[in-house]
Number of protein chains: 2
Amino acid sequence: MGASLRDIARLAGVSVKTVSNVVNGYAHVSPATRAKVEHALSQLDYRPNLSARNLRRGRTGVIALALPELDAPYFAELSRFVIEAAAELRWLVVIEQTDGSLERERQILDGVRDHRVDGLILSPVAIGVDELAARTDDTALVLLGERIHDGPADHVAIDNVRAARDVTEHLIGLGRTRIAALGAQDNSASGTAPLRLAGYRQALAAHGLPETVAKVERYRRHEGAAAMAALLGHRPDAVFCFNDLLALGAMRTILSAGLRVPEDIALAGLDDIEDGRYSTPTLTTLAPDKAELARIAVDLLKRRIDGLPGHPPQETRAGYRLMARESTLGR
Amino acid sequence: MGASLRDIARLAGVSVKTVSNVVNGYAHVSPATRAKVEHALSQLDYRPNLSARNLRRGRTGVIALALPELDAPYFAELSRFVIEAAAELRWLVVIEQTDGSLERERQILDGVRDHRVDGLILSPVAIGVDELAARTDDTALVLLGERIHDGPADHVAIDNVRAARDVTEHLIGLGRTRIAALGAQDNSASGTAPLRLAGYRQALAAHGLPETVAKVERYRRHEGAAAMAALLGHRPDAVFCFNDLLALGAMRTILSAGLRVPEDIALAGLDDIEDGRYSTPTLTTLAPDKAELARIAVDLLKRRIDGLPGHPPQETRAGYRLMARESTLGR
DNA sequence: CAACGTTGTTTCAACGTTGTAAACAGGTGC
DNA sequence: GCACCTGTTTACAACGTTGAAACAACGTTG
């Protein structure tokens with residue numbers, strides 16, 4: 001085991017508290033003792049025991065990031081930024097996966113209370129606003145990503161309605177008229193899908209175009225592929241997929257059917273995952289500023305952790321950019 | 001703050017230790033007191049303070065998983081399995097990213113000592129065997145993935161030489177004769193690249209075929225795309241990319257150049273990331289059993305954490321399967 | 001020169017938990 | 001009546017840290 005303050009104190013011939021003072025950079029320590037102590041510290045290669053420090057201070061320096069699945073590239077990319085932002089505060093990040101299950105989300109919200117983490121960044125899928133509002137626990141919580149606004153906790157996301165409208169407008173601007181949406185969901189009282197659907201509809205309505213909507217259960221490639229197969233019967237000339245994974249699945253279906261992208265069907269996604277920058281054709285998409293999302297989420301969490309409870313929940317928007325690529329523009 | 005053992009004890013009219021005994025399922029507690037205590041526990045919604053428990057027990061219940069980058073799909077997929085395997089032991093997993101940098105790897109190895117985590121699963125890139133061997137620290141450590149064997153710590157990986165040979169044999173079996181390798185590295189004393197290169201060479205040598213080798217710095221799509229552009233001059237009829245990201249980048253270059261896969265150039269990768277199952281054409285690859293890798297890594301780590309130090313480092317192999325898809329077989 | 005403030009250091013207690021050992025009650029056996 | 005179990009419960013100390021308070025030594029100040 002490593003050396004404790006006690007060992008250092010013994011070696012340096014001072015009290016434990018003095019060593020503690022040196023370690024914590026307390027001002028009033030005489031140069032002589034400071035030198036002695038520092039020598040002893042480096043001699044024994046002292047490392048503070050963080051369990052003990054945390055017990056004393058009531059903090060762990062660890063936050064949790066709970067998201068549906070780490071192997072969805074969007075979330076993997078987002079995690080990278082969260083981890084980086086947290087690292088600047090010397091926080092560690094434990095990652096939990098909900099798989100979009102209500103029960104897992106409950107478990108995690110509940111588990112936050114066992115003092116292993118100082119706060120939680122949750123990317124919710126299944127849990128409802130009312131259930132969140134009923135939370136008795138006062139551990140710091142930030143909701144990340146697509147979610148009905150004005151909920152009971154701090155929240156950061158892009159403006160999904162406007163983003164979806166922008167993508168749809170892009171397709172309309174290309175002269176497409178039979179524009180389908182792929183990615184609506186039945187069970188998503190709290191999620192993205194309704195917001196993106198609303199944006200899609202707003203754009204179509206503004207131009208008097210008809211809508212076609214395909215539903216999926218989850219945002220994975222194979223569901224995109226399957227839903228696209230069903231859509232082919234409607235002969236759309238453009239498809240707005242509610243995320244990039246769906247779009248990549250859909251692209252596979254279209255190309256396999258011998259149709260061309262974008263000549264026969266223009267395709268757009270949302271998320272800007274790296275895959276879409278290397279697919280053939282490359283995928284037009286809308287790129288949320290993931291670094292900003294992560295930074296804001298961590299900042300909000302820090303404010304909650306440090307601050308007094310009782311402040312009203314805060315709503316924050318992160319930016320985005322439309323990335324027009326080959327799947328709508330052609331080569 | 002939550003209730004402590006003391007609060008429960010007061011409410012139930014017993015000693016703190018009795019409550020602790022109930023919480024920990026100690027056998028010799030009379031049914032009557034057990035009931036009393038359990039009532040009080042649920043009444044105050046008791047949660048053990050894990051910082052305190054950890055301080056006492058000297059364990060944190062948290063392990064670290066350090067890998068180059070979370071947004072490389074292979075590592076994201078692997079992380080998912082590690083987190084799942086750890087969850088079965090009630091362990092949390094903090095993720096650290098090294099970005100393949102030596103300094104970060106050192107930092108992380110060093111940081112393990114501050115008692116925040118019980119052990120470390122490291123997927124090393126830059127650090128050398130000798131430096132690892134010189135480690136004085138005795139915190140549990142497991143090396144995960146491609147790495148020179150017989151190092152100073154437990155290690156789990158697939159048999160990279162054999163795997164690379166199998167992929168190359170597959171290409172040879174298709175009748176290809178100008179088979180290039182994409183993904184060799186200059187600086188990788190400790191990594192995958194030399195092993196995979198060796199396997200590739202073994203296969204070619206066995207059939208008397210000539211080799212062509214393209215180097216990259218890191219295993220990312222854009223490097224695969226760039227390296228492939230350089231390879232095109234050699235007019236290979238098949239390319240074995242040392243991982244799937246390289247292959248997907250290469251595929252993009254080939255298709256953009258107006259060549260066909262696999263008719264003009266057959267393409268194979270290694271990793272079996274999900275992207276490759278939905279690219280057009282779908283990507284032939286070799287699929288390491290990631291779930292097995294993760295499980296073994298966690299098991300080895302558990303054994304180290306529980307066990308006495310001093311046992312010799314253990315070498316373990318995980319299985320793999322060749323997934324022949326369109327990029328070599330055609331439709 | 002007494003009262004006071006500053007600087008440097010220490011003692012003490014506490015954070016919440018659990019291992020150890022000891023205390024206690026209620027038998028059994030002799 | 002005593003020694004000796006078995007089962008149940010408790011007191012105590014300890015894990016390593018830090019805030020609060022106390023203390024000693026030394027100027028300053030009125």
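Below, read A as the first sequence line, B as the second, and so on, with proteins coming before strands; counting in each chain starts at 1.
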## Note on the structure
The answer to which of N24(A) and A52(B) contacts DNA chain D further toward the 5' end, by nearest nucleotide, is A52(B)

### Query
Expressed in angstrom and rounded to an integer, what is the separation of L44(B) atom CG from dG16(C) atom P?
14 Å

### Message
Would you say S101(B) and D99(B) are linked by a side-chain donor-acceptor pair, where the criterion is simply a distance under 3.5 Å?
### Response
no

### Message
Between P on dG16(D) and CG on L50(A), what's the gap in Å once rounded to a whole number?
### Response
13 Å

### Message
Salt bridge check, K302(B) against D306(B): does any charged N sit closer than 4.0 Å to a carboxylate O?
### Response
yes

### Task
Report which part of the nucleic acid S20(B) touches: base, sugar-phosphate, or nothing (heavy-atom distance under 4.0 Å, all strands).
base

### Message
Nearest whole Å is fine: how far is dC15(C) P from R56(A) CZ?
### Response
8 Å

### Task
For L55(A) and dG16(D), give me the distance from atom CG to atom P, rounded to whole Å.
12 Å

#### Entry: OP1 or OP2 of dC15(C) under 4.0 Å from side-chain N/O of R6(B)
yes

### Task
Kindly indicate whether the side chain of L293(B), heavy atoms from C-beta on, has any atom under 4.5 Å from the side chain of F81(B).
no

### Task
Can you tell me the distance, in whole Å, between the CD1 atom of I8(B) and the C1' atom of dT10(D)?
18 Å

### Summary
Pairing partner of dA3(C), by Watson-Crick or G-U wobble and under 3.5 Å for both distances, is dT28(D)

### Task
Find the distance R53(A):CZ to dG16(D):C1' and express it as a whole number of Å.
10 Å

### Nucleotide paired to dG19(D) in any strand shown, Watson-Crick or G-U, under 3.5 Å
dC12(C)

#### Entry: Side chain to side chain, R104(B) and E96(B), heavy atoms closer than 4.5 Å
yes

Distances for protein N/O vs nucleotides 8-11 of chain C N/O pairs under 3.5 angstrom?
from: dG8(C); atom 1: OP2; to: H28(A); atom 2: ND1; distance (Å): 3.4
from: dT9(C); atom 1: OP1; to: S30(A); atom 2: OG; distance (Å): 3.1
from: dT9(C); atom 1: OP1; to: T33(A); atom 2: OG1; distance (Å): 3.0
from: dT9(C); atom 1: OP2; to: S30(A); atom 2: N; distance (Å): 2.8
from: dT9(C); atom 1: OP2; to: S30(A); atom 2: OG; distance (Å): 3.3
from: dT9(C); atom 1: OP2; to: T33(A); atom 2: OG1; distance (Å): 2.6
from: dT10(C); atom 1: OP1; to: S15(A); atom 2: N; distance (Å): 3.4
from: dT10(C); atom 1: OP2; to: S15(A); atom 2: N; distance (Å): 2.9
from: dT10(C); atom 1: OP2; to: S15(A); atom 2: OG; distance (Å): 3.0
from: dT10(C); atom 1: OP2; to: T18(A); atom 2: OG1; distance (Å): 2.4

### Task
Rounded off to whole Å, could you give me the OH-to-C1' distance for the Y46(B) and dT18(C) pair?
10 Å

### Query
According to a strict under-4.0 Å criterion, is R57(B) in side-chain N/O contact with OP1 or OP2 of dT17(C)?
no

### Query
Are any of the side-chain heavy atoms of P73(A) and D71(B) separated by less than 4.5 Å?
no

### Summary
Separation of dT10(D) atom P from K36(B) atom NZ, nearest Å, is 8 Å

### salt_bridge(R317(A), D289(A)) N-O dist < 4.0 Å
no

### Query
How many angstroms lie between CD in E103(B) and CD1 in I127(B), if you round to the nearest 0.5 Å?
11.5 Å

